[in-house]
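One structure below.
To find a chain, count down the sequence lines: A is the first, B the second, and so on, and within it residues start at 1. Note that these values count all heavy atoms, side chains included, but never hydrogens, waters or copies made by symmetry.
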Amino acid sequence: MNDFELTTDNGKTLKLIKLKPAFYLRNATTVAKALLGKIFVRKINGEIFAARITETEAYDGRTDPAAHSFIGKTKRNATMFESGGLLYVYFIYGMYYCANVVTGAAGEGSAALLRSMEPLKGIEQMAFNRFKKREVSRTEIKSLLNGPGKLCQALNLTKKENGLNLNGEEIFICREKRPRKFEIVETSRIGINRGTELDWRFYIKDSGFISKP
DNA sequence: ATCAAGATTACCT
DNA sequence: GGTAATCTTGATA
């Protein structure tokens with residue numbers, strides 16, 4: 001079942017194809033850019049969440065002082081050192097989680113941080129996870145997934161999902177059979193103190209679902 | 001044992 | 001634009 005149809009909350013049908021394992025076995029920057037426009041799917045308790053990835057950041061374990069993995073393998077960052085295609089989720093600032101896609105070869109320590117998405121399916125449940133209510137305004141829909149901490153809260157990504165394989169059935173990423181065209185903006189990464197000279201933050205131009213335009 | 005920092009967010013002026 | 005909230009981790013003693 002790598003080829004299937006998904007109906008969004010606004011009634012549109014998307015033809016989706018699950019990404020192959022090889023997709024993740026490339027450079028962090030390559031994968032981070034390639035993830036833009038892809039559809040993140042999470043199945044939980046019989047319900048499906050789906051969202052279009054609109055903003056990512058690359059972290060390279062071998063050369064990048066901003067990467068968690070730069071200091072070497074520890075208990076916290078161990079997932080980053082696995083082979084590409086896993087989900088790396090970590091806890092930060094005492095109250096938020098951030099989710100990454102592990103990239104490259106085993107031992108490399110590279111990943112792409114998922115920073116923002118456009119909600120497509122399961123919006124009521126996402127709203128409940130974020131705001132404890134199911135009714136959301138147009139403005140609130142935009143702020144459902146536009147930040148790394150927010151999207152983890154809305155999609156219920158926690159410690160439990162750390163290390164999960166994206167080639168499985170619970171959480172995975174798809175491409176559309178007929179992908180939309182878009183331009184990619186490359187800027188410096190947000191919220192870090194080192195490696196700020198690298199333009200390794202990527203987002204879809206004019207998306208409207210971005211943490212900081 | 002203690003401690004500072006952190007890939008953030010919400011709410012304030 | 002500023003800052004409080006909140007706690008795990010990794011480093012140092």
Side-chain angles (χ1 to χ4, degrees), chain A residues 24 27-36 40 51 53-82 84 86-104 108-119 126-133 136-164 166 184-204 208-213:
Chain A
Y24 305 102
N27 288 337
T29 50
T30 305
V31 176
K33 275 194 267 193
L35 281 172
L36 295 178
F40 183 92
I53 298 170
T54 55
E55 178 185 357
T56 61
E57 281 177 0
Y59 289 88
D60 189 312
R62 300 162 300 182
T63 61
D64 177 10
H68 287 169
S69 49
F70 193 68
I71 56 172
K73 190 169 174 176
T74 66
K75 192 174 180 181
R76 180 202 200 194
N77 65 25
T79 302
M80 267 187 103
F81 286 91
E82 298 288 316
L86 300 193
L87 198 66
Y88 167 47
V89 185
Y90 62 86
F91 189 58
I92 190 73
Y93 295 120
M95 55 184 96
Y96 299 109
Y97 289 97
C98 291
N100 300 248
V101 171
V102 178
T103 69
E108 190 177 311
S110 297
L113 170 69
L114 300 171
R115 282 196 63 90
S116 297
M117 302 186 199
E118 173 184 353
M126 291 182 200
F128 186 77
N129 292 344
R130 289 264 297 127
F131 309 123
K132 295 288 168 251
K133 59 173 187 178
V136 279
S137 67
R138 207 176 178 80
T139 314
E140 285 170 325
I141 285 182
K142 296 218 172 206
S143 66
L144 237 31
L145 306 175
N146 68 336
K150 295 179 187 178
L151 68 87
C152 282
Q153 188 181 19
L155 299 172
N156 195 26
L157 300 173
T158 69
K159 219 184 197 83
K160 266 189 272 180
E161 285 70 38
N162 181 37
L164 216 126
L166 295 170
I184 296 176
V185 179
E186 309 190 359
T187 65
S188 58
R189 294 172 293 179
I190 292 177
I192 56 172
N193 296 308
R194 293 177 294 177
T196 50
E197 74 283 359
L198 299 167
D199 283 343
W200 282 3
R201 173 174 175 243
F202 311 104
Y203 63 89
I204 295 179
F209 298 87
I210 303 297
S211 64
K212 267 199 216 163

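OP1 or OP2 of dG6(B) sits under 4.0 Å from a side-chain N or O of Asn193(A).
Using cut-offs of 30° and 60° for the angle between ring planes, the Tyr97(A) and Phe91(A) rings count as tilted.
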Reading DNA chain B 5' to 3', how would its secondary structure be written in dot-bracket notation, given Watson-Crick and G-U pairs with both distances under 3.5 Å, brackets [ ] for crossing pairs and | for partners on other strands? ||||||.|||||.
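Side-chain polar atoms of Asn146(A) and Lys142(A) form no donor-acceptor pair below 3.5 angstrom.
Note: Thr56(A) OG1 to Arg115(A) CZ = 10.0 Å, rounded to the nearest 0.5 Å.
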If a protein heavy atom is under 4.0 Å from the base, mark B; if only from the sugar-phosphate, S; if neither, -; do that for nucleotides 8-13 of chain B going 5' to 3'. BBS---
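For the pair Arg194(A) CZ and dA5(B) P, the computed distance is 12 Å after rounding to whole Å. If you take CD1 of Ile71(A) and C1' of dT12(C), they are 14 Å apart, rounded to a whole angstrom. A straight line from CG of Asn162(A) to P of dA7(B) spans 15 Å, rounded to a whole angstrom. Rounded to a whole Å, the NE2 atom of His68(A) is 7 Å from the C1' atom of dG6(B). Between the CZ atom of Arg76(A) and the P atom of dT8(C) there is a distance of 12 Å, rounded to whole Å. Rounded to an integer number of Å, the gap from Tyr97(A) OH to dA5(C) C1' is 16 Å. Between the CZ atom of Phe91(A) and the P atom of dA7(B) there is a distance of 13 Å, given to the nearest Å. Put simply, OH on Tyr59(A) is 12 Å from P on dG6(B), counting in whole angstrom units.
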Run Asn27(A) and Asp60(A) through side chain to side chain contact (heavy atoms under 4.5 Å, CB included) and show every step you take. CA-CA 8 Å; Asn27(A) 288 337; Asp60(A) 189 312; 5.6 Å; no
Begin with the C-alpha distance, continue with both residues' side-chain angles, and end with the deciding distance and a verdict on side chain to side chain contact (heavy atoms under 4.5 Å, CB included) for Thr103(A) and Thr30(A). CA-CA 9 Å; Thr103(A) 69; Thr30(A) 305; over 6 Å; no
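Put simply, the side chain of Asp64(A) gets close to the backbone of Ala66(A): a donor and an acceptor are under 3.5 Å apart.
A salt bridge links Glu186(A) with Lys33(A): at least one charged nitrogen is closer than 4.0 Å to a carboxylate oxygen.
Looking at Leu113(A), Thr196(A), Leu198(A) one by one, the single match for side chain to side chain contact (heavy atoms under 4.5 Å, CB included) with Arg189(A) turns out to be Leu198(A).
Residue Asn100(A) comes nearest to Tyr90(A) through the heavy atom pair ND2-CE2, 3.4 Å, listed as atom of the first residue, atom of the second, then distance.
Comparing dT3(C) with dA5(B), their P atoms are spaced 16 Å from each other, to the whole Å.
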